[in-house]
Amino acid sequence: MTNDPTPAEALAAIAASRKTVHDRLSTHGWRYDLAYSAVSAGMVGAQALDGPFNVTGMTLGVLALVLMFQAEARRTGVRVTGVSPRNARWVAIALGAVFAGAMLGVVLARRLVDPVQLPLVVAAVTAAAFVIALFGSRLWRRVYRAEMRGDA
């Protein structure tokens, strides 16, 4: 005889696992989102620097995001990549596209905007990037948790 679960027991175990993930990701979200937003905005602003400082800024930003990811995985016990489940994936992709556009915008601004006005333009784009990252991170978290609850 085997101790295989019945289909109802297997579905209940999946639901319980999803609820555990939801509950773990429901705490300390603002702290992570604010840090994520600051790092992301810094990566956008770093594009205004001359080489190799722009590359250094990006590298440090990516390193900071990796360290944040690892710390969050240790805290929650869950490694969430941002690209699953399905609806949360699209929020992450859209956020990445917006940030790629913002970085390219800063690079273009370096070439097209008067050097006296450039710091104001970069500051405005960087501030907007912070707000967009914060909104996007909160939206992603909301969509992810809804999918873990089975609402989506």
Side-chain angles (χ1 to χ4, degrees), residues 4-49 53-110 112-113 119-152:
D4 291 338
T6 66
E9 292 170 337
L11 288 173
I14 291 169
S17 176
R18 290 174 70 111
K19 182 180 180 336
T20 300
V21 169
H22 170 270
D23 293 345
R24 287 181 181 173
L25 294 177
S26 294
T27 60
H28 304 292
W30 278 102
R31 180 177 52 194
Y32 181 87
D33 293 341
L34 287 169
Y36 166 79
S37 299
V39 170
S40 297
M43 291 169 62
V44 170
Q47 299 312 300
L49 301 173
F53 301 110
N54 57 353
V55 174
T56 302
M58 282 296 294
T59 303
L60 292 174
V62 170
L63 178 62
L65 291 175
V66 168
L67 293 174
M68 288 172 51
F69 170 78
Q70 290 175 342
E72 190 72 359
R74 278 191 306 275
R75 185 186 70 77
T76 62
V78 179
R79 288 177 122 13
V80 179
T81 63
V83 293
S84 66
R86 182 175 44 88
N87 292 331
R89 172 184 318 134
W90 290 110
V91 174
I93 290 170
L95 195 55
V98 167
F99 272 84
M103 289 179 196
L104 287 173
V106 170
V107 169
L108 284 175
R110 284 191 65 205
L112 302 175
V113 174
L120 294 174
V121 172
V122 172
V125 173
T126 302
F130 179 88
V131 171
I132 291 167
L134 185 58
F135 173 78
S137 186
R138 296 308 297 174
L139 176 63
W140 180 89
R141 187 179 295 277
R142 178 174 286 146
V143 169
Y144 185 89
R145 287 186 355 218
E147 288 188 282
M148 288 296 101
R149 282 192 312 265
D151 296 348

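What you find for Ala46 and Asn54 is that their closest heavy atoms are O-CB, 3.2 Å. Of all heavy-atom pairs spanning Gly61 and Val39, the tightest one is O-CG1, 3.4 Å. Looking at every heavy atom in both residues, Ala133 comes nearest to Ser37 through C-OG, 3.4 Å. Summarising the geometry of Val106 relative to Ala48, their closest heavy-atom pair is CG1-N, 3.5 Å, with the distance given to 0.1 Å. Residue Leu134 comes nearest to Trp30 through the heavy atom pair CD1-CZ3, 3.9 Å, listed as atom of the first residue, atom of the second, then distance. Pairing each heavy atom of Ala129 with each of Val44, the nearest pair is CB-CG2, 3.9 Å.
For the atom pair OG of Ser137 and CG of Leu95, the computed distance is 7.5 Å after rounding to the nearest 0.5 Å. Rounded to the nearest 0.5 Å, atoms CZ (Arg138) and OH (Tyr36) are 13.0 Å apart. The distance from the OH atom of Tyr32 to the CZ atom of Arg75 is 10.5 Å, given to the nearest 0.5 Å. The CE atom of Met68 sits 10.5 Å away from atom CZ of Arg31, with the distance rounded to the nearest 0.5 Å. Here CG of Leu63 is found 12.5 Å from CE of Met58. Values are rounded to the nearest 0.5 Å. Between the CZ atom in Phe130 and the CG atom in Leu34 there is a gap of 5.0 Å [rounded to 0.5 Å].
At least one side-chain heavy atom of Val62 sits less than 4.5 Å from a side-chain heavy atom of Met43. The side-chain heavy atoms of Ile132 and Phe99, taken from C-beta on, include a pair separated by under 4.5 Å.
The closest donor-acceptor contact from the side chain of Glu147 to the backbone of Ala88 lies under 3.5 Å.
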Q: Decide yes or no on side chain to side chain contact (heavy atoms under 4.5 Å, CB included) for Asp33 and Phe135, but give the supporting numbers first.
A: CA-CA 9 Å; Asp33 293 341; Phe135 173 78; over 6 Å; no

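Listed by chain and residue number, Asp50 satisfy the salt bridge (charged side-chain N to carboxylate O under 4.0 Å, His left out) test with Arg110 (two or more places apart in sequence, or in another chain).
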